[in-house]
Number of protein chains: 2
Amino acid sequence: MEDTKVIFIELFRSYTDLPLQSLDELFSLLKIRTINKGTDLVYQGKSSTKDYFLLNGILREFLIDDNGNEVTVNFYYNQSFITPNFCRIENKISSFTIQALSNCVIAEIESAELEKYRNRNVVFFNASALIITKLFKDNIERQIVQATYSAKKRLEQFRAKFPGIENYVPHSFIASYLGITNVSLSRLRKLK
Amino acid sequence: MEDTKVIFIELFRSYTDLPLQSLDELFSLLKIRTINKGTDLVYQGKSSTKDYFLLNGILREFLIDDNGNEVTVNFYYNQSFITPNFCRIENKISSFTIQALSNCVIAEIESAELEKYRNRNVVFFNASALIITKLFKDNIERQIVQATYSAKKRLEQFRAKFPGIENYVPHSFIASYLGITNVSLSRLRKLK
DNA sequence: ATTACATTTTATCATTTGTTAATTGAAGGC
DNA sequence: GCCTTCAATTAACAAATGATAAAATGTAAT
């Protein structure tokens with residue numbers, strides 16, 4: 001449906017004012033896919049060669065750490081840039097699993113092809129630097145929140161960042177994202 | 001002194017195998033400076049147009065958050081890549097202050113000039129992508145440590161990452177980096 | 001060596017968060 | 001509908017961390 005294109009353009013426009021022509025061209029390179037709840041887009045430990053944009057739905061990015069614990073590092077909610085493939089991989093191998101928590105609409109492209117487009121389109125090249133910067137800052141922002149806020153404040157901040165998501169995804173994922181146990185989360189939800 | 005060049009080359013070689021020729025050329029573009037303990041390299045809220053490499057000494061990167069609290073987000077210890085300028089700034093304005101905790105030797109370059117070099121040297125272009133990836137992953141790594149380790153474990157991890165630094169910098173900075181009070185840090189230092 | 005000042009440690013008590021286990025709630029299969 | 005299973009809440013207690021203030025120690029200047 002034509003709708004996906006509008007969403008795609010809105011996503012980029014919310015970050016930077018790329019000309020419609022560039023967005024048009026980029027969009028024509030993408031493959032639009034619908035994936036079902038529970039599907040894994042990329043797997044921790046497996047090869048990963050694609051980049052994705054989330055157009056609709058909810059994704060979570062997580063990993064199994066050295067102690068065997070699952071740690072949710074990010075949620076993607078409606079239109080979002082997914083962390084670029086080159087930032088997610090180590091020797092072509094994915095450091096994370098990205099999992100659909102609902103049915104999702106995504107746009108997908110081979111990273112190599114995206115890189116080619118990036119190198120022949122200066123405007124997009126600059127825009128993508130902006131986007132990486134933004135993702136980088138999001139990480140630092142999270143570090144600060146994680147380091148200086150109480151669990152209660154972190155929950156408030158989470159709610160502001162992902163309004164309503166609490167009603168759609170298992171609380172254990174949210175607790176893991178917040179760095180608390182799900183028992184603590186339940187307790188915090190009770191307050192006020 | 002010639003020493004600085006050796007250190008500079010070692011720094012890059014520890015990340016990626018750039019040819020000596022490229023490193024030579026890049027080095028010739030840099031200005032080597034010595035800065036005194038207490039000097040601020042860039043200031044939160046002020047314009048920032050340069051990129052830096054730490055060749056010797058200790059730096060700390062921090063910001064004043066919305067509540068007026070100082071949060072130390074990173075230490076740089078001996079040879080290190082400093083977070084690239086384009087990742088640190090918002091509309092050309094620095095989001096952080098970078099401060100010398102000891103006398104330091106740094107290499108400095110206008111970001112615009114570095115960008116030019118990057119664009120005319122494919123090998124360096126790819127290397128710098130690697131470096132950004134590494135910095136990106138460091139951030140995520142820190143998120144995970146912060147989210148899943150106890151304060152005691154975080155201190156252990158900090159000691160492994162910055163061996164000996166504990167003896168050179170005020171503990172209040174370390175506590176802020178670890179996301180605990182300096183009283184708690186003192187307590188943890190006592191154990192074992 | 002003495003003073004003045006800043007940093008670190010110690011002590012006490014309050015608050016937050018973790019752990020474990022039992023209870024309740026909700027969703028799907030039969 | 002009833003049962004099974006998984007998720008979320010509650011409770012009770014333990015452990016970790018914060019807050020405040022006082023004491024001890026370190027550092028630099030004179």
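By convention in this document, chain letters (A, B, ...) are assigned in the order of the sequence lines, proteins followed by strands, and residues within each chain are numbered from 1.
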Tell me: [atom1] of [X] to [atom2] of [N], nearest whole Å?
X: Phe173(A); N: dC6(D); atom1: CZ; atom2: P; answer: 14 Å
X: Arg154(A); N: dT17(D); atom1: CZ; atom2: P; answer: 12 Å
X: Lys153(B); N: dT17(D); atom1: NZ; atom2: P; answer: 12 Å
X: Leu101(A); N: dA7(D); atom1: CG; atom2: P; answer: 13 Å
X: Tyr168(A); N: dA7(D); atom1: OH; atom2: C1'; answer: 18 Å
X: Asn182(B); N: dA6(C); atom1: CG; atom2: P; answer: 15 Å
X: Leu185(A); N: dT9(D); atom1: CG; atom2: P; answer: 7 Å
X: Leu191(B); N: dT17(D); atom1: CG; atom2: C1'; answer: 12 Å

For Thr181(B), which contact category applies under a 4.0 Å heavy-atom criterion: base, sugar-phosphate, or nothing?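 Here Thr181(B) touches the backbone only, sparing every base.
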Of all the choices, [options], which nucleotide is nearest to the side chain of [X] once you look at every atom?
X: Lys190(A); options: dT10(D), dT17(D), dA8(D); value: dT10(D)
X: Ala151(A); options: dT17(C), dA11(D), dT12(C); value: dT17(C)
X: Ser150(A); options: dT9(D), dT9(C), dT17(C); value: dT17(C)
X: Ser186(B); options: dG18(C), dT10(C), dA19(D); value: dT10(C)
X: Arg187(A); options: dT19(C), dG18(D), dA11(C); value: dT19(C)

Trace of the side chain to side chain contact (heavy atoms under 4.5 Å, CB included) decision for Arg159(B) with Glu166(B): CA-CA 8 Å; Arg159(B) 283 171 167 163; Glu166(B) 216 172 326; 2.7 Å; yes
Quiz question: by atom type and distance under 3.5 Å, do the side chains of Thr97(A) and Asp40(A) form a donor-acceptor pair?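 Looking only at side-chain atoms, Asp40(A) and Thr97(A) do not form any donor-acceptor pair under 3.5 Å.
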State whether the side chain of Arg88(B) and the backbone N or O of Ser94(B) hold a donor-acceptor pair below 3.5 Å, judged by distance alone. no
Side chain of Ser22(A), backbone of Leu20(A): donor and acceptor closer than 3.5 Å?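 Here the side-chain-to-backbone pair does not exist.
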Does Arg189(B) make a side-chain N or O approach to OP1 or OP2 of dT8(C) shorter than 4.0 Å? no
The test is salt bridge (charged side-chain N to carboxylate O under 4.0 Å, His left out); show your working for Glu115(B) and Arg118(B) and say whether it passes. CA-CA 5 Å; Glu115(B) 182 66 19; Arg118(B) 206 174 103 95; 3.7 Å; yes
Contact nearer the 5' end of DNA chain C, comparing His171(B) with Ile180(A):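 The residue closer to the strand's 5' end, by nearest nucleotide, is His171(B).
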